There are 2 protein chains.
Amino acid sequence: MTASRSTTRKSFRREGEDKRREDLIAATLECVAERGLAGATVREIALRADVTAGLIRYYFPAKDDLIGAAYRAVMNRMTVQASDALKSAADDPRDRLNAFVKANLGQPIMDPNNLSLWAGFIGMVHADPAMALAHRDGYLGFRDELEALIREALLAAGKPADPIHTRRHAIAVNAIIDGLWLEGCLAGDIFAEGELAETGIAAIEAVLAISLNPEKGGAI
Amino acid sequence: MTASRSTTRKSFRREGEDKRREDLIAATLECVAERGLAGATVREIALRADVTAGLIRYYFPAKDDLIGAAYRAVMNRMTVQASDALKSAADDPRDRLNAFVKANLGQPIMDPNNLSLWAGFIGMVHADPAMALAHRDGYLGFRDELEALIREALLAAGKPADPIHTRRHAIAVNAIIDGLWLEGCLAGDIFAEGELAETGIAAIEAVLAISLNPEKGGAI
DNA sequence: GCTCTAATTATGCAAGCGTATAAATACACG
DNA sequence: CGTGTATTTATACGCTTGCATAATTAGAGC
């Protein structure tokens, strides 16, 4: 046994399955944030997670599964962040809707990194049915939550809230939020702090014909 | 000269530079439409254009240049289609804005293929400054055109149209159009024919507090 | 009809990709 | 303190990719 090892093998720690999955997903998001979906290669992700590439396949059958998990994680994180804003700030439904919109149109949801992953995914939706399903679930879930908020806000303002109109309102308000979120993520630097959130609130107030600031301003 | 050629060389025709570029861009769009940006490889594009891969580099220094040209072509095409709708249908500014919105929220602009290319691009914007520039130009151009339409529509309805409010209105209306376009491209099948366009018109009327159907309905 | 050149094909290369698999090792358990 | 196993590393394979370059040829101009 006189031979000396020319290279030392990487030392490592065993981690819990959940921890590793989370780390790998976090590393994936870092890659996407910095170089887009194309930059999220198996090797680069492993490097970020301080792990060797083979381990990824131990936790995810294929790379697409990791990417899909990362997408779901981001969407879920955004959903949770928006819901948190609801919990912490409201009893009047109009305040709740107001807080929901402001949360979606401010940090940390309105962030270029989120957009990069979202866009990369959307680009695959058309070609990959599995991802299309993942997307539609997230979209409808978001819109349903929004529709419930709108219904309550309308009722609190003494307005009718029949399903047909409420649905249409939800579609329009969803578009306003999505569109402004997009603008902010893509070119946040050309807008003043809070400008997009204010614009969104004002537009939604106009569409629903109610005030979302019931304490300060009266109902329209 | 008894030797026979084992394989015959591909016959070809020389084409004008413009024609070839257009063909290559069209082939690129086909690839993106079918399999997403990732499916738009140099070899696949060449196959579609009935050309060998090397020729692409003769017209485009690098693949990214072709992709960028394809992006610009699509955005330009959509812009032209929307502008055509303006020319063919209007003298009252409110009708013009109405037509503009309807055009952007209907065929052929609201199309999954357009979205695929757009999304793939947006995903790269964050990482590639050149593409970021290409995008911002297109975005600001679109918004400027929209802002002009809005200003005229407001004035025609006897409403004030000072720059500050007009800008904010343009941001909001742009968000509505973008958001609904997105929804329609992603899940057009869950909406009735023309539903998104109607929803968009109604939302924009509410935001601007004017009617966009001056012949039938009066101003609000 | 010849010639010259620009357009096109054909071939190959080096790099990077995702994936497979065997060897090594940390660590829980007795 | 061993021992077994789940976790992790290491290595390599086959494929695809974008790009370079040499050979060919279509077609314009004289």
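In what follows, every chain begins at residue 1, and chains take the letters A, B, ... in the order their sequences are listed. Bear in mind the structure is a predicted one, so any value in this text is a computation, not a measurement.
Side chain of A:N98 to backbone of A:L212: a donor-acceptor contact under 3.5 angstrom is found.
As rounded to whole Å, 14 Å separates atom C1' of D:dT17 from atom CZ of B:R57. The NZ atom of B:K19 sits 18 Å away from the P atom of D:dA26 (whole-angstrom rounding). The separation between A:F60 atom CZ and C:dT19 atom P is 13 Å, rounded to whole Å. In this structure, A:I56 places its CD1 atom 12 Å from C1' of C:dT19, rounding to the nearest Å. For the pair B:I67 CD1 and D:dG18 C1', the computed distance is 12 Å after rounding to whole Å.
The ring-ring contact (aromatic ring centres under 6.0 Å, His included) pairs that include a residue from residues 106-134 of chain A are A:Y71-A:F121, A:W118-A:W181, where partners are two or more places apart or lie in different chains.
Using a 4.0 Å cut-off between charged nitrogen and carboxylate oxygen, A:E198 and A:K102 do not count as a salt-bridge pair. In summary, B:D128 and A:R35 do not engage in a salt bridge, as defined by a charged side-chain N under 4.0 Å from a carboxylate O. Taking a cutoff of 4.0 Å between a charged side-chain nitrogen and a carboxylate oxygen, A:R21 and A:E15 do not qualify as a salt bridge.
At a non-hydrogen distance threshold of 4.0 Å, A:T41, A:V42, A:R43 from residues 24-45 of chain A come into contact with DNA chain C.
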>> One pair to check against side chain to side chain donor-acceptor pair (under 3.5 Å): A:S83 and A:E145. What are the steps and the verdict?
In response: CA-CA 9 Å; A:S83 294; A:E145 184 173 6; 3.3 Å; yes

Name the pairs: protein N/O against N/O of nucleotides 3-9 of chain D, kept only if under 3.5 Å.
| from | atom 1 | to | atom 2 | distance (Å) |
| --- | --- | --- | --- | --- |
| D:dA6 | N1 | A:R14 | NH2 | 3.3 |
| D:dA6 | N3 | A:R14 | NH1 | 3.3 |
| D:dA6 | N3 | A:R14 | NH2 | 2.3 |
| D:dT7 | OP2 | A:Y58 | OH | 2.3 |
| D:dT7 | O5' | A:Y58 | OH | 3.4 |
| D:dT8 | OP1 | A:R13 | O | 3.3 |
| D:dT8 | OP1 | A:E15 | N | 2.8 |
| D:dT8 | OP1 | A:R20 | NE | 3.0 |
| D:dT8 | OP1 | A:R20 | NH2 | 3.1 |
| D:dT8 | OP2 | A:Y59 | OH | 2.4 |
| D:dT9 | OP1 | A:K10 | NZ | 3.1 |
| D:dT9 | OP2 | A:T52 | N | 3.1 |
| D:dT9 | OP2 | A:T52 | OG1 | 2.9 |
| D:dT9 | O5' | A:T52 | OG1 | 3.4 |
| D:dT9 | O2 | A:R9 | NH2 | 2.7 |

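Within a 6.0 Å sphere centred on CZ of A:R72, heavy atoms belonging to other residues, nucleotides or ligands number 12 at most.
Ring orientation note: the planes of B:H135 and B:Y139 are close to parallel, at an angle under 30° on the 30°/60° scale.
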